[in-house]
Every structure is written in C-alpha cells, then in structure tokens.
Amino acid sequence: MSQTLAKSNQTKRWQEMDAAHHLHPFTTHHDLAAKGARVITNAKGIYLYDSEGRRLIDGMAGLWCVQVGYGREELAEAGYKALKELSYYNSFFQTTNPYTAELSQRLSEVTPKGIDRFFFANSGSEGNDSAVKIIRYFWNLQGKPKKKIFIARKKAYHGVTLAAASLSGISAMHPQADLPLPGFVHIDCPYWYGEGGDMTPDEFGLKTARALEEKILELGAENVAAFVAEPVQGAGGLIIPPATYWAEINRICKKYDVLLHIDEVICGFGRTGQWFGSQTFGIEADMINMAKGLSSGYQPIAAVGLGQRVGDALFHAKDEWSHGFTYSGHPVACAVALANLDVLQKERLVEKVGGATGAYFQKKLAELNDHPLVGETRGVGLLGAIELVKDKNTREKYPSELDVGYRCRVHCFENGLVMRAIGDTMVLSPPLVITESELDELFALARKCIDLIARDLGVL
C-alpha cells in the first residue's frame with residue numbers, strides 16, 4: 001500500500017510541475033492541467049510504462065518513429081561512446097566529424113537512386129523548411145527567379161515552422177499564425193474512401209493527380225517551384241493514394257519542370273516495406289526529407305537528401321550557401337543514427353516489414369472489416385487505418401460533436417493500447433520489431449476498444 005501511495009504522490013508532483021511550466025505541442029493547456037498529463041517513465045520493445053506502473057502497447061511507435069523498438073542498448077552505447085569522444089562540434093568553419101561523414105555515405109546507400117547529397121537538421125519541420133530555401137535557391141541559380149510557388153495537398157502534414165506549416169494542408173493549423181504564407185497553395189488529396197464518391201479508386205487517383213496539372217496551368221508553370229507531398233499522408237488520416245496516382249504525378253512534374261520534393265518523414269526507413277515510400281510507390285523524387293526513423297527517435301535528427309540536379313547546382317554554386325543550424329550533423333545524433341541503421345540492416349527489419357511481418361499486420365487489420373462500426377481498413381507495410389462510420393454502405397460518418405474517434409482513443413489508453421485518432425479514423429504504426437504474438441495482442445485490444453465505443457453508440 002505504501003509503495004502505491006508513493007507512486008501516486010510522485011505522479012501528482014510531476015503533473016503539477018508539468019502543468020505549471022511545460023507547454024505541450026497541440027494541446028489545450030488548461031484542460032490538460034485540470035486532469036494531469038500522463039507520465040511515461042520507461043519503455044522496452046513495443047511497450048510503454050507509466051508512473052503508476054501501467055503497461056501500454058505503443059501502437060504508434062511514439063510518433064511514427066521508433067522503428068527498432070525501445071530500450072536498444074546498441075543505440076544507447078553508440079550515443080555514450082560519441083558523447084565521450086566528441087560531445088559536440090559544429091559543421092561550420094569547413095569542418096566535419098567522422099560520424100557525420102559516415103552517416104552521409106550510409107544514407108546514400110539506402111536512399112532512392114540518385115539521392116546522394118545530404119543536409120542535416122534536427123526535425124522533419126526543420127528539414128522541410130530547409131527544403132523550401134534550397135528549392136528557391138536552386139531556381140535562382142537556374143536563372144528562373146519567378147519559379148517560387150509551392151503546391152502541396154489538403155490534409156498534408158509537413159511540420160510546424162512557418163514554411164513547413166504553410167506547406168501543410170491541415171487548415172486548423174493556419175489561423176493562429178496567419179498562415180499559409182504567400183506562395184503556398186493546396187490541391188485536393190487522393191482520399192478515395194472519404195472523397196472519391198462513385199468513382200473507382202483508379203479514376204479518382206487520376207482525377208486528383210491531374211488537379212496538380214490544372215493548378216500548374218492556372219498559376220503558370222514559369223511560377224511553380226515544386227510539388228511537395230508525402231508518399232502516404234500520415235497525420236491527415238493515413239491516406240494511401242490509388243495505384244494510378246504517383247505515375248501521373250511523375251509525368252506532370254517532368255512535363256512542366258516542377259521539382260518533386262517528397263516528405264519521407266513517416267514513410268522512410270522501412271515503414272512501407274521498403275527503405276523509403278518513394279521506392280514502394282515508384283515516385284521519382286528530386287529531393288526527399290527524412291527524420292523520425294533515421295534515429296528511431298533516440299536522438300533529434302533529420303536530413304534533406306538531394307538528387308543530382310539540385311545537389312549539383314548547390315555544389316557548383318559560386319556563392320556561399322547561407323543556411324545551417326548549430327546542431328546540423330551533431331556527432332552524437334549521427335552516431336545514434338548509424339547504430340540505428342546497423343540494427344535495421346542486421347535484423348533485416350525492412351525486409352520483414354515488406355514480407356512476413358507486414359503481411360501478418362495487414363491480415364489482422366483486414367479482419368476488423370467485419371465489425372459493424374468499421375467502414376474500411378487500409379494499409380501498407382506497418383501502417384494501418386480503421387475508418388469508424390455510422391453506415392458501412394454509404395460511408396456516412398457520425399456527427400463531429402460525438403467525437404467518436406477521440407472517445408475510442410480514450411478507451412484504448414484505458415485498456416493498454418496507444419492507437420491514434422485522426423477525426424474518426426483510427427491509425428496504427430507500431431515498431432518494426434513487433435512480433436506476430438504481439439500483433440495478436442495489439443489487434444485483440446483494438447477490437448475490444450472498437451467494441452466499447454460501439455456499445456457507447458448503441459451499435460452493439
């Protein structure tokens with residue numbers, strides 16, 4: 001009894017400190033302060049443990065990022081070794097370090113063909129912000145200074161800096177900071193289940209891809225710098241484009257000389273069953289942005305990978321490139337990322353996601369289609385979405401004021417599962433190390449929690 005009491009007191013104290021001084025991302029702070037933040041104290045494999053000793057399956061791999069699972073000693077030891085040898089030095093002053101140089105080489109071996117120069121940042125947001133500057137500079141170098149407009153998609157998520165949030169097409173992110181900035185426009189996304197109507201997926205894929213061509217013609221190709229997109233839209237609701245989509249996007253970008261910048265922050269490092277989503281979907285990117293799985297979240301690090309056209313232009317430019325961060329290519333972060341790549345390769349995790357593990361995950365996901373509340377499941381690799389609907393035949397959703405997805409998420413946390421709600425779409429993205437028995441446990445809990453919200457709604 002005394003041990004339980006001590007834990008509760010400590011949890012309360014942490015919650016009080018947090019409420020008084022910590023501003024959380026994407027949070028209504030006074031509401032959180034009133035109920036107290038969940039305090040996660042340790043983690044191992046696919047499991048999280050809170051300050052009260054409760055265990056949760058992390059069905060989201062943190063924020064889509066903990067590819068190799070929690071508590072990997074190899075990554076901790078790599079960071080410790082680097083901290084002792086070179087705790088910090090910058091990449092300014094014509095200087096590098098062994099970890100950054102080696103990581104650059106290793107990335108060139110696993111990224112899509114032609115991506116072979118890398119600029120390091122600290123987050124996906126910083127990476128996409130850097131990409132905007134790189135693209136603007138590239139067109140200046142080409143003598144085409146009018147090519148400055150960026151086209152992205154509705155429901156896209158590319159980060160939260162001013163430029164990255166302007167690229168993002170989640171409109172709720174914009175009003176507080178008077179965004180998007182000038183020069184950023186958005187077109188429809190290939191969300192067939194929610195917006196495809198009576199069209200087949202292939203028809204809808206072509207229609208939404210050709211929205212890019214329509215927008216380029218409206219703006220004038222001489223004014224359009226780049227199309228920016230995720231292979232699979234993550235935070236917008238796990239939107240997987242129909243099979244016809246990406247080939248048409250490739251064609252359009254080439255036809256109008258528009259750079260194709262692909263945001264691989266979620267899809268990179270094995271999540272879709274290949275090293276990068278661009279490889280899974282046949283995307284011919286000029287540039288890619290990566291973060292999250294680069295270090296499995298163990299250290300903050302991101303990288304913008306450049307193809308030959310853009311990379312050569314920057315490399316051969318006569319003037320100094322005026323961009324960089326204090327922590328670009330941080331030696332400790334790069335050391336941990338190298339160790340992370342070692343684990344991914346030695347344990348063949350990418351191949352497993354593209355093979356047996358991914359197939360079993362998709363099988364278990366599809367079994368939820370028999371549930372009366374589930375309108376559709378969709379997925380690729382170790383990404384999965386579950387659409388909660390009022391009517392399976394018409395795809396009608398429940399009124400937003402019922403907060404069906406949020407209430408399902410609450411049931412998940414109360415029953416030991418982290419499953420994200422994006423509106424009424426429940427999303428899964430577990431660590432790549434998850435086993436079949438752990439997937440059985442995860443999907444048993446997912447079904448239980450969908451049953452609970454169904455009972456709340458009077459469906460069961």
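Side-chain atoms are counted along with the backbone in the values below, which use heavy atoms only and exclude waters and symmetry mates.
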The criterion is side chain to side chain contact (heavy atoms under 4.5 Å, CB included); which residues satisfy it with [X], sequence neighbours excluded?
| X | answer |
| --- | --- |
| L349 | V68, V343, L344, E347, K352, L432, V433 |
| Q279 | P112, Q274, W275, F276 |
| I149 | V185, L219, N223 |

Qualifying side chain to side chain donor-acceptor pair (under 3.5 Å) pairs with a residue from residues 234-244, counting only residues at least two apart or across chains: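 For residues 234-244, and leaving out neighbouring residues, there are no side chain to side chain donor-acceptor pair (under 3.5 Å) pairs at all.
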
Atom of [X], atom of [Y] and distance for their closest heavy-atom approach:
| X | Y | result |
| --- | --- | --- |
| A164 | N128 | CB-CB, 4.3 Å |
| P190 | I239 | O-CG2, 3.4 Å |
| F118 | G305 | CD2-CA, 3.6 Å |
| A337 | L103 | CB-CD2, 3.8 Å |
| I450 | L373 | O-CD2, 4.1 Å |
| G293 | N340 | O-ND2, 2.8 Å |

Under a plain distance cut-off of 3.5 Å, with no hydrogens placed, do [Y] and [X] share a side-chain donor-acceptor pair?
| X | Y | answer |
| --- | --- | --- |
| Y157 | E230 | no |
| T208 | D188 | no |
| Y327 | E126 | no |

Heavy-atom distance under 4.5 Å between the side chains of [X] and [Y], does that happen here?
| X | Y | result |
| --- | --- | --- |
| L388 | C408 | yes |
| T425 | I386 | no |
| I252 | I216 | yes |
| I46 | P430 | no |
| F227 | I187 | yes |
| L107 | M290 | yes |
| H24 | L32 | yes |
| L382 | T272 | no |

Ring pair (Phe, Tyr, Trp, His ring centres under 6.0 Å) partners of H29, counting only residues at least two apart: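 So H29 forms no ring pair (Phe, Tyr, Trp, His ring centres under 6.0 Å) with any residue.
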
Criterion side-chain contact (heavy atoms from CB on, under 4.5 Å) on E52 and T11, from CA distance to verdict: CA-CA 7 Å; E52 297 296 292; T11 297; 2.5 Å; yes

Gap separating the CD1 atom of I434 from the OG1 atom of T357, nearest 0.5 angstrom: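 Answer for the CD1-OG1 pair, I434 versus T357, is 9.0 Å.
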
Lys/Arg N to Asp/Glu carboxylate O, R153 vs D263, below 4.0 Å: no

Ring-face cation contact, Y298 with R72, 6.0 Å cut, 45° max: no

Pairs where [range] contributes a residue and the test salt bridge (Lys or Arg N to Asp or Glu O under 4.0 Å) is met, not counting sequence neighbours:
| range | result |
| --- | --- |
| residues 403-425 | none |
| residues 361-388 | K363-E367, K364-E367, K364-D440, D370-R447, E376-R378, R378-E387, E387-K397 |
| residues 163-187 | none |
| residues 29-42 | none |

Flag, side chain of [X] to backbone of [Y], donor-acceptor distance under 3.5 Å:
| X | Y | value |
| --- | --- | --- |
| K44 | G71 | yes |
| Q362 | L383 | yes |
| E195 | Y191 | no |
| S168 | H158 | yes |

Ring centers of F184, H186 separated by less than 6.0 Å: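 They do not qualify: ring centres at least 6.0 Å apart.
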
Ring centre gap for H261 and F150 strictly below 6.0 Å: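 Distance test on ring centres: not under 6.0 Å, no.
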
Evaluation steps, side-chain contact (heavy atoms from CB on, under 4.5 Å), between T111 and S278: CA-CA 9 Å; T111 47; S278 296; over 6 Å; no

From CA spacing to verdict: side chain to side chain donor-acceptor pair (under 3.5 Å), H411, D456: CA-CA 11 Å; H411 283 305; D456 293 345; 2.6 Å; yes

Evaluation steps, ring pair (Phe, Tyr, Trp, His ring centres under 6.0 Å), between F120 and H330: CA-CA 8 Å; F120 291 102; H330 193 289; over 10 Å; no

Those residues that, when tested against R309, pass side-chain hydrogen bond (donor to acceptor under 3.5 Å, both in side chains) (two or more places apart):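 Partners of R309 under the side-chain hydrogen bond (donor to acceptor under 3.5 Å, both in side chains) test: D257.
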
Pairs meeting criterion ring pair (Phe, Tyr, Trp, His ring centres under 6.0 Å) with involvement of residues 351-398, two or more places apart: F361-F443

side-chain contact (heavy atoms from CB on, under 4.5 Å) between L259 and C253, worked out: CA-CA 6 Å; L259 293 179; C253 287; over 6 Å; no

Steps toward side chain to side chain donor-acceptor pair (under 3.5 Å) verdict (S437, T435): CA-CA 5 Å; S437 63; T435 65; 3.2 Å; yes

Full working for side-chain contact (heavy atoms from CB on, under 4.5 Å) between Q308 and D116: CA-CA 7 Å; Q308 184 175 7; D116 62 1; 5.5 Å; no

Sole residue of I115, I134, D286 in side chain to side chain contact (heavy atoms under 4.5 Å, CB included) with L306: I134

Would you mind writing out the side-chain donor-acceptor pairs for residues 56-67 within the sub-3.5 Å range, not counting sequence neighbours?
residue, atom, partner, partner atom, Å
D58, OD1, M60, N, 3.1
D58, OD1, A61, N, 3.2
D58, OD2, G62, N, 2.7
D58, OD2, Y70, OH, 2.5
Q67, OE1, R271, NH2, 2.7
Q67, NE2, G268, O, 3.3
Q67, NE2, F269, O, 2.9

